[in-house]
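So the structure is just underneath, and the comments pick up after that.
Just so it is clear: chains get the letters A, B, ... in the order the sequence lines come, proteins before strands, and each one is counted from 1.
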Amino acid sequence: MNAEEQKHYFSIHLLDWYRANKRDLPWRRSKNPYHIWVSEVMLQQTRVDTVIPYFHRFTELFPTVEALAEAPEEEVLKAWEGLGYYSRARNLQSAVREVHERYGGVVPSDKAEISSLKGVGPYTSGAILSIAYNKPEPAVDGNVMRVLSRYFVIEEDIMKPATRVKMERLAQELIPEGAAGDFNQALMELGAMVCTPRSPYCLTCPVRLGCAGREQGMEDKLPVKKKAKPPRPELRVVALIEGVGEHAGKWLIRQRPQEGLLARMWELPHAAWPEPVWGTDENSAAALCEALLTEDNVRVTLGKWFMDTEHTFSHIQWNMKVFRCRLGDEAAHPRGAGEWIPFRYRWVGPEELESYAFPNVFVRIMKAWQEVQEERETGSPGN
DNA sequence: AAAACGGGGTC
DNA sequence: GACCCAGTTTT
């Protein structure tokens, strides 16, 4: 078939296949543009199965634009806990507040207006416009680029912005009249269910007869994608600081800075440490105490090693040694007035912990700690 | 154009 | 262990 027939074949058969085979996903049951928006932001760089429970909780906690606009930021962050890329949550709330104030709570259906909202890039704007308003805008994500690169044999590096722009033009051409929302979702559904990254299910593909990549035996080589840089390793020492006296049963936690990695999340105190002293627990523990004192003006006494753990972000790998500690003299000493305070410290007990948002790595450590404590109280089973 | 920005599933 | 996921923002 010629190029035009190939495109037409693709659009028609993909759309039919989608309408007959689409998954029943929570956000597909809604026509609420705000709910669709929430789902699209959650789905950025995140799998469907991971998002589903978060989507239910989030839309229950913040069912409307107004509810999210008026919620305290900490509650929003807590609802996002564990999902990652936390700037998504803060940007979403900021954008929703703008919609609440400037657009009377109505999610804009205009390309320029919606694109100007925080956290709404080319993909998300296209997804909302097409799915919520059925406007013929492309919504090109990783799935779509994989599908198009294979079907049309596009060998440009999909990591390049120029390639995405090219894909968007192509994707827009393919949208069948009046079916933008279904078609865009069909493209992503195919990428997720059939045209998978590895070992695609070509034999059951609804558009296999028009697929140039398949015809040329290239489906395994596409899309072309430059390799990502490996994360840089970092050594970190972590303090599990248990309170005594009036703080008995509580832990000392701190809030991260306003900007940057894990912005405004809460965590166990920890410090980076240079390689030379890494290796023995004694040196690391001593290093931890000294670092917390010099960096945060928090004096802790040397503690016992508790566990080692590892946590990998996209760009950093934390290799962590965790120590049990006690606070030195009195409470934490925030720096003097007028001086920049990089972290805020606070004693919290098990119940209060529920209202603070922690990165998963610290949730893991705290759970491990609680289990050990419970074993001590009940008389340890096993070892 | 490159780096920052989480966390987890999968083969 | 490598790859990748319904990406956006900042540098």
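Atom CD in A:Q44 sits about 12 Å away from atom C1' in B:dC5, given to the nearest Å. If you measure from atom CG of A:D157 to atom P of B:dA1, you get 10 Å, rounded to the nearest angstrom. Atom pair A:R264:CZ and B:dC5:P shows a separation of 14 Å (rounding to whole Å applied). Taking atom OH of A:Y201 as the reference point, atom C1' of B:dT10 lies 11 Å away to the nearest angstrom. Summarising the geometry, the separation between OH on A:Y54 and P on B:dG6 is reported as 13 Å, rounded to the nearest angstrom. Rounded to whole angstrom, the span from the CH2 atom of A:W266 across to the C1' atom of B:dG6 amounts to 20 Å. With rounding to whole Å, A:Q317 atom CD is found 16 Å from B:dG6 atom P.
Between A:R232 and A:F313, the residue anchored closer to the 5' end of DNA chain B is A:R232, taking for each the nucleotide with the nearest heavy atom. Along DNA chain C, the nucleotide nearest A:K225 and the nucleotide nearest A:P122 are compared for position; the residue whose nucleotide lies closer to the 5' end is A:K225. Comparing A:F358 and A:S199 against DNA chain B, the residue whose closest nucleotide sits nearer the 5' end is A:F358.
The two residues A:E168 and A:P122 make their nearest non-hydrogen contact at OE2-CB, 3.4 Å.
Looking at heavy-atom distances under 4.0 Å, A:T50 makes no contact with the nucleic acid at all. Across all strands, A:V120 comes closer than 4.0 Å only to sugar-phosphate atoms, never to a base (heavy-atom distances). The residue A:L262 sits close only to the backbone: its heavy atoms come under 4.0 Å of sugar-phosphate atoms, none of a base. Looking at heavy-atom distances under 4.0 Å, A:S314 makes contact with a base. At a threshold of 4.0 angstrom between heavy atoms, the contacts of A:G260 are confined to the sugar-phosphate backbone, with no base atom among them.
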Which side-chain N or O atoms in residues 210-225 of chain A pair as donor and acceptor under 3.5 Å with protein atoms at least two apart or in another chain?
{"from": "A:R214", "atom 1": "NH1", "to": "A:E219", "atom 2": "OE2", "distance (Å)": "3.1"}

Give every donor-acceptor pair under 3.5 Å between a side-chain atom in residues 66-75 of chain A and any protein atom, sequence neighbours left out.
{"from": "A:E73", "atom 1": "OE1", "to": "A:R264", "atom 2": "NH1", "distance (Å)": "3.3"}
{"from": "A:E73", "atom 1": "OE2", "to": "A:R264", "atom 2": "NH1", "distance (Å)": "2.6"}

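Bracketed by its first and final contacts, the part of DNA chain C lying under 4.0 Å from non-hydrogen atoms of chain A reaches from C:dC3 to C:dT9 in 5' to 3' order.
For A:L25, the side chain to side chain contact (heavy atoms under 4.5 Å, CB included) criterion is met by A:R23, A:W27, A:R28, A:V48, A:I52, not counting sequence neighbours. Under the rule for a ring-ring contact (aromatic ring centres under 6.0 Å, His included), A:Y18 has no partner lying at least two apart in sequence or in another chain. Not counting sequence neighbours, the partners of A:S130 by the side chain to side chain contact (heavy atoms under 4.5 Å, CB included) test are A:A180, A:N184. Under the rule for a ring-ring contact (aromatic ring centres under 6.0 Å, His included), A:W37 has no partner lying at least two apart in sequence or in another chain. A:F362 meets the ring-ring contact (aromatic ring centres under 6.0 Å, His included) test with A:H270; sequence neighbours excluded. Under the rule for a salt bridge (Lys or Arg N to Asp or Glu O under 4.0 Å), the partners of A:K111 that lie at least two apart in sequence or sit in another chain are A:E137. Applying the ring-ring contact (aromatic ring centres under 6.0 Å, His included) rule to A:Y133 yields no partners; only residues at least two apart in sequence or on another chain are considered.
With both ends at atom C1', the span from C:dC3 to B:dG6 equals 16 Å, rounded to whole Å. Using P as the reference atom, B:dG9 and C:dT8 are 23 Å apart when rounded to the nearest Å.
Results of the side-chain contact (heavy atoms from CB on, under 4.5 Å) test with A:V361 over A:E267, A:H311, A:M366 single out A:H311 as the only residue that passes.
Residues of residues 123-145 of chain A that place a heavy atom closer than 4.0 Å to DNA chain B do not occur. For the segment residues 15-41 of chain A, the set of residues with a heavy atom within less than 4.0 Å of an atom of DNA chain B is empty.
The shortest distance between the side-chain N/O atoms of A:Y85 and the OP1/OP2 oxygens of B:dA4 is not below 4.0 Å. Here A:R88 does not reach the OP1 or OP2 of B:dA4: none of its side-chain N or O atoms lies under 4.0 Å away. Contact annotation: A:H311 does not reach the phosphate of B:dG6 (side-chain N/O to OP1 or OP2, under 4.0 Å). Between A:K229 and B:dA4 there is no side-chain N or O to OP1 or OP2 distance below 4.0 Å. Of the side-chain N and O atoms in A:H315, one or more sit less than 4.0 angstrom from OP1 or OP2 of B:dC5.
The closest donor-acceptor contact from the side chain of A:D157 to the backbone of A:K226 lies under 3.5 Å.
Side-chain contact annotation: A:Q373 with A:E242, donor-acceptor N/O pair under 3.5 Å present.
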